[in-house]
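Below is one structure, written out as structure tokens; comments come after it.
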2 protein chains.
Amino acid sequence: MARAGLTADRVTLTGAELADEVGLDHVTMSAVARRLGVKDASLYVHVRNLEDLRGRIALLAADEKTIRIAEATAGRAGKDALVAYANAYRDYAHAHPGRYTATQIPMQIDPELLARAPGPRRAIELTYSMLRAYHLDEPDLTDAVRMMRSMLHGFINLEAAGGFAHARPVEDSWVRCLDALHALLENWHAHREGDPA
Amino acid sequence: MARAGLTADRVTLTGAELADEVGLDHVTMSAVARRLGVKDASLYVHVRNLEDLRGRIALLAADEKTIRIAEATAGRAGKDALVAYANAYRDYAHAHPGRYTATQIPMQIDPELLARAPGPRRAIELTYSMLRAYHLDEPDLTDAVRMMRSMLHGFINLEAAGGFAHARPVEDSWVRCLDALHALLENWHAHREGDPA
DNA sequence: GTTACTTCCTAATGTCTCTAGGAAAGAGGC
DNA sequence: GCCTCTTTCCTAGAGACATTAGGAAGTAAC
């Protein structure tokens, strides 16, 4: 009998495809094995268990997403870069809903595996360096990064969960939110604690 | 043999407690039945299936969260109300992580059940009426509501997922984000499309 | 106390995760 | 080619869970 030629990466990729098609929580060992034409038990050579597989999918997604963002923002600065960043982020989530979901689960990933994946670390660097154009110093920089991430992440999440039921097109709100975010970053230092009401 | 006195609400509440203790995706029919001292099959009289149970937990959480927010914002206005709203929101998520998680799943809830639950609708009304103090007209109002929800939801989510690894205390960033949000809402009309860089 | 409804149980099926142990494919040395 | 070592994949099987069908025993109305 010919070998199926499995590797951890191939198992992960198959899981990721499945996640995009049927949702992350329908990604089972059985389903992945079925799709690969292999018995369930065979997967355990390459992947520790279901949780490990999910972690690997999350890492794959983080890497892919980071690459998209890096490409989109390359050579851009200021609001241009912000919009490119945000759109690349959102586009990835739309194109790969299952993978994107995987990035959100409370990370209980094998630390060794995590250390080898460039995605998460690079994503942070990318974000900080992009926001550096707004001339913020610590701790403002970190606060701004957190705010920006919260907004993007939250928007995409709510959108995916069907949380925007109003008639107003989501696309229009998105553009408006990015405008607002840009304005906010530019005037970050102006609205500290006790600014006039 | 005495009856256990089950009702849909009691099953839901037990599921919610379990969710807060061990995480939403460890809420199983078996586990809920065990805690209630009842066999798995007995639950199916009160709850259609696992998905239905999860939906009910989500609705319960939405109701509870809305009540907390309503209490917190009662009699307040402007930034005071905004901060009270946001803190009540976040406090609820901290106090009931499992229930809060339930509110985030793409809602595939029994429409009839949804119609009877006051939470979701009331939450929207509450938000709109709070933001009305910032004197925004449609479609700005809806955009602002969406931005605010995105930010709060995203921040709490990232926080829960351990996404804020930096040394800067999360609490401080939170306060700063609320300041920024308030400033943003006050000057919402000022930063439209082509504002000066 | 009879009737009817509801609640809860037993029993059973199918799916899924994960482990143990075996067979066979492929690589390298001779 | 043949032997050996490693890795890959399989068979078998235990244990958890979701879900359905059908039966027995409480409870309420009359």
Side-chain angles (χ1 to χ4, degrees), chain A residues 1-59 98 101-102 105-106 108-110 112-113 116, chain B residues 1-59 98 101-102 105-110 112-113:
Chain A
M1 193 173 290
R3 294 202 181 183
L6 296 187
T7 61
D9 285 346
R10 225 160 93 64
V11 173
T12 304
L13 189 59
T14 304
E17 290 170 4
L18 212 53
D20 288 336
E21 290 171 27
V22 301
L24 213 225
D25 40 42
H26 289 107
V27 174
T28 66
M29 287 296 196
S30 311
V32 172
R34 258 194 306 276
R35 170 165 300 208
L36 285 166
V38 147
K39 297 294 174 186
D40 314 17
S42 305
L43 300 181
Y44 289 83
V45 178
H46 308 281
V47 156
R48 206 188 324 283
N49 52 32
L50 219 208
E51 199 183 322
D52 181 39
L53 173 59
R54 286 220 235 271
R56 286 169 188 267
I57 294 173
L59 246 31
T101 304
I105 53 179
Q108 38 205 351
I109 293 178
D110 183 2
E112 194 210 333
L113 205 63
R116 205 162 20 201
Chain B
M1 191 173 289
R3 294 204 182 183
L6 295 187
T7 61
D9 285 346
R10 225 159 94 65
V11 173
T12 304
L13 189 60
T14 304
E17 289 170 5
L18 213 52
D20 288 336
E21 289 170 27
V22 300
L24 213 224
D25 41 41
H26 290 107
V27 174
T28 64
M29 287 296 196
S30 310
V32 172
R34 255 194 308 276
R35 171 165 299 210
L36 285 165
V38 147
K39 297 294 174 183
D40 310 20
S42 305
L43 301 181
Y44 289 82
V45 178
H46 308 282
V47 156
R48 204 188 326 281
N49 52 31
L50 220 209
E51 198 184 322
D52 181 39
L53 173 59
R54 285 220 235 272
R56 285 168 188 268
I57 294 173
L59 246 30
T101 304
I105 53 179
M107 293 258 192
Q108 38 204 351
I109 294 178
D110 183 1
E112 193 211 332
L113 206 61

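Chain identifiers are assigned alphabetically (A, B, ...) following the order of the sequence lines, protein sequences preceding nucleic acid strands; residue numbering begins at 1 within each chain. Treat the numbers as computed from the prediction; the structure is a model and nothing was measured.
Atom-to-atom, CG of B/Asp25 to C1' of D/dA16 comes out at 15 Å; the value is rounded to the nearest Å. One interatomic measurement links the two molecules: CG of A/Leu53 to C1' of C/dC18, which rounds to 14 Å at whole-angstrom precision. A/Arg35 has its CZ atom 18 Å from the C1' atom of C/dC16, to the nearest Å. Look at CG on A/Asp40: it is 17 Å from P on D/dA14, rounded to the nearest Å. If you take CG of A/Leu6 and C1' of D/dC10, they are 12 Å apart, rounded to a whole angstrom. To the nearest angstrom, C1' of C/dT17 lies 14 Å from CG of A/Asp52. Distance, B/Leu36 CG to C/dC9 C1': 15 Å, rounded to whole Å.
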Please walk me through it: do B/Asp25 and A/Asp25 pass side chain to side chain contact (heavy atoms under 4.5 Å, CB included)? CA-CA 10 Å; B/Asp25 41 41; A/Asp25 40 42; over 6 Å; no
Apply side chain to side chain contact (heavy atoms under 4.5 Å, CB included) to residues A/Leu36 and A/Leu6 and explain how you reach the verdict. CA-CA 9 Å; A/Leu36 285 166; A/Leu6 296 187; 3.9 Å; yes
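Between A/Leu24 atom CG and A/Ile57 atom CD1 the span is 6.0 Å, to the nearest 0.5 Å. Taking CG of B/Leu13 as the start and CG of B/Asp9 as the end, the distance is 8.5 Å to the nearest 0.5 Å.
In this structure, the nucleotide among C/dT10, C/dC16, D/dC17 sitting nearest to the side chain of A/Arg34 is C/dC16. The side chain of B/Lys39 sits closest to C/dT10 out of D/dA18, D/dC10, C/dT10. Ranking D/dA18, C/dC18, C/dC8 by closeness to the A/Met29 side chain, first place goes to C/dC18.
Smallest separation of non-hydrogen atoms from B/Leu53 and B/Met29: CD2-SD, 4.4 Å.
Looking at residues 41-50 of chain B, you'll see B/Ala41, B/Ser42, B/Val45, B/His46 sit with a heavy atom under 4.0 Å from some atom of DNA chain C.
Partners of A/Asp20 by side-chain hydrogen bond (donor to acceptor under 3.5 Å, both in side chains), not counting sequence neighbours, listed by chain and number: A/His96, A/Arg99.
Residue pairs meeting the side-chain hydrogen bond (donor to acceptor under 3.5 Å, both in side chains) criterion with at least one partner in residues 49-59 of chain B, sequence neighbours excluded, are B/Asp52-B/Arg56. The salt bridge (Lys or Arg N to Asp or Glu O under 4.0 Å) analysis of residues 26-38 of chain A, with sequence neighbours excluded, yields the pairs A/Glu17-A/Arg35, A/Glu21-A/Arg35.
The side chain of B/Ser30 places an N or O atom within less than 4.0 Å of a non-bridging phosphate oxygen (OP1 or OP2) of D/dA18.
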Only distances under 3.5 Å count here; give the side-chain donor-acceptor pairs of residues 37-48 of chain B to other protein atoms, sequence neighbours excluded, each with its distance to 0.1 Å.
{"residue": "B/Asp40", "atom": "OD2", "partner": "B/Ser30", "partner atom": "OG", "Å": "3.1"}
{"residue": "B/Ser42", "atom": "OG", "partner": "B/Lys39", "partner atom": "O", "Å": "3.3"}
{"residue": "B/Arg48", "atom": "NH2", "partner": "B/Asp110", "partner atom": "OD2", "Å": "3.2"}

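Rotation axes derived from the C1' atoms of the five outermost pairs at either end of the helix from C/dG1-D/dC30 to C/dC30-D/dG1 lie 10° apart, to the nearest 10°.
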